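Fair warning: this is a prediction, and the values are worked out from it, not measured in the lab. Note on naming: letters A, B, ... go to the chains in the order of the sequence lines (proteins, then strands), and numbering restarts at 1 for each one.
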2 protein chains.
Amino acid sequence: MSIFSKTCEYALRAVFYIASKTVDGSRVGIREIAKNVDSPEHFLGKILQDLSRKGIIDSAKGPNGGFFLTRQALKRPISDIVSAVDGDNIFTGCGMGLTYCSEINPCPLHHEFKKIRNRITKMLTGTTIGQFNKDLLLGKILLKKP
Amino acid sequence: MSIFSKTCEYALRAVFYIASKTVDGSRVGIREIAKNVDSPEHFLGKILQDLSRKGIIDSAKGPNGGFFLTRQALKRPISDIVSAVDGDNIFTGCGMGLTYCSEINPCPLHHEFKKIRNRITKMLTGTTIGQFNKDLLLGKILLKKP
DNA sequence: TTAATAAAAGACATTTTTGTCTTTATTTTA
DNA sequence: TAAAATAAAGACAAAAATGTCTTTTATTAA
């Protein structure tokens, strides 16, 4: 198990890639994205389609079309991507899978998990989609094997 | 997505239950366990079988048989359960699914994730299987819906 | 030594996740 | 207007996770 589903990992990598390539109105094609974040092209296509429907990224068909991000979209937190793809369980769910787990009826791990969840939430809501663009372009940071 | 697989959630709940019921050599049957941690009996059976093979819990066949824990087993960290069931990805894996992600070739989330992973590791290695027994018996803490 | 009890094991069945391939719709540009 | 480019959509396929049912094996106790 990882923290995010594979789908979500692909989504994060792809959106970071699109972000770093989004310069004044330019778009990136799915083939290029898939190649650069090392993910299956058609599967990624559906994921991005979905994110596009949900308004997290934008797309345009036809020649010079592709996926891109608006200036506002670059400022959005990556928690938007995570909850669009994986839902909110990571932010609010019980570590032991108990739907009734709460402050009043806690599971054994509740109190410790709360802290960890809060930490994760803070991290995901506190970092924006666009904030890694520079480092990505400089190669200080990677989206696939070097 | 949750942090642990469903299998692991069942495992944690079941082992906590067995722990709380383990008093001087007594054993707990799978039916009772399944009922009290709200999980499918046969499926849980296989999970516990596996944990037993791996030496995390003990079992005995025949009348008065069932699952139980030794005194040493009660002192073991719950990270043992987690890595037996879900593997070590949660402790060491990259948040974005990059196998090559490391200090030298970090993914965008690497540095922040490292902190979170360390926190999770600390929590799981720092809490023992038996440490909730009292609170479980007092009903201060739950393993299924109240 | 037989019957009862309980875990272990095996064989499937279902659901969810992940992945592929083909066709369609939209847009641009020549 | 026609051809080319590109995302969108649809229909499957494969793999993994989850769940169920049946049979076997070991143990106990009468």
Is the shortest side-chain N/O distance from B/Arg27 to OP1 or OP2 of C/dT5 below 4.0 Å?
no

If you compare every side-chain N and O of B/Tyr10 against the phosphate oxygens of D/dT18 (OP1, OP2), does one of them come in below 4.0 Å?
no

Please compare A/Ala60 and B/Phe67 by the position of their nearest nucleotide in DNA chain C and report the one closer to 5'.
B/Phe67

Please collect all ring pair (Phe, Tyr, Trp, His ring centres under 6.0 Å) contacts where either partner lies in residues 95-117 of chain B, sequence neighbours excluded, each pair once.
A/Phe4-B/Phe113

Give the nucleotide from the list D/dC21, D/dA7, C/dT18 with an atom nearest to the side chain of B/His42.
D/dC21

For the side chain of A/Phe43, counting heavy atoms from C-beta on, which of D/dT27, C/dA8, C/dT20 is nearest?
C/dT20

Side chain of B/Pro63 - closest among D/dT20, C/dA8, D/dT27:
D/dT27

Assign each of A/Glu41 and A/Lys61 to its nearest nucleotide of DNA chain C by heavy atoms, then name whichever residue's nucleotide is nearer the 5' end.
A/Glu41

B/Asn64, nearest nucleotide to its side chain (from D/dA29, D/dC21, D/dA26)
D/dA29

Using a cut-off of strictly less than 4.0 Å, decide whether B/Ser52 has a side-chain nitrogen or oxygen near OP1 or OP2 of C/dA7.
no

With distance as the sole test, does B/Asn105 use its side chain to make a donor-acceptor pair with the main-chain N or O of A/Ile141 at under 3.5 Å?
no

Is a side-chain N or O of B/Gln131 found less than 3.5 angstrom from the main chain of B/Thr128, in a donor-acceptor match?
yes

Students often get this wrong, so: under 4.0 angstrom with heavy atoms, is B/Val85 touching a base, only sugar-phosphate, or nothing?
nothing

Look at the side-chain N and O atoms of A/Thr7 and state whether any lies under 4.0 Å from the OP1 or OP2 oxygen of C/dT18.
yes

Got a donor-acceptor contact below 3.5 angstrom from the B/Thr92 side chain to the B/Asp88 backbone?
yes

Nearest listed nucleotide, side chain of A/Pro40, among C/dA4, C/dG19, D/dG19
C/dG19

Closer than 4.0 Å, any side-chain N/O of A/Arg53 to the OP1 or OP2 of D/dA9?
yes

Could you check whether atom CD1 of B/Ile104 has more than 12 heavy atoms from other residues, nucleotides or ligands sitting under 6.0 Å from it?
no

Would you say the side chain of B/Lys6 and the base of D/dG19 hold a donor-acceptor pair, judged only by whether the two atoms sit under 3.5 Å apart?
no

Taking atom C1' of D/dT20 as reference, at what distance in whole Å does atom CZ of B/Arg31 sit?
15 Å

Using a cut-off of strictly less than 4.0 Å, decide whether A/Ser59 has a side-chain nitrogen or oxygen near OP1 or OP2 of D/dA8.
yes

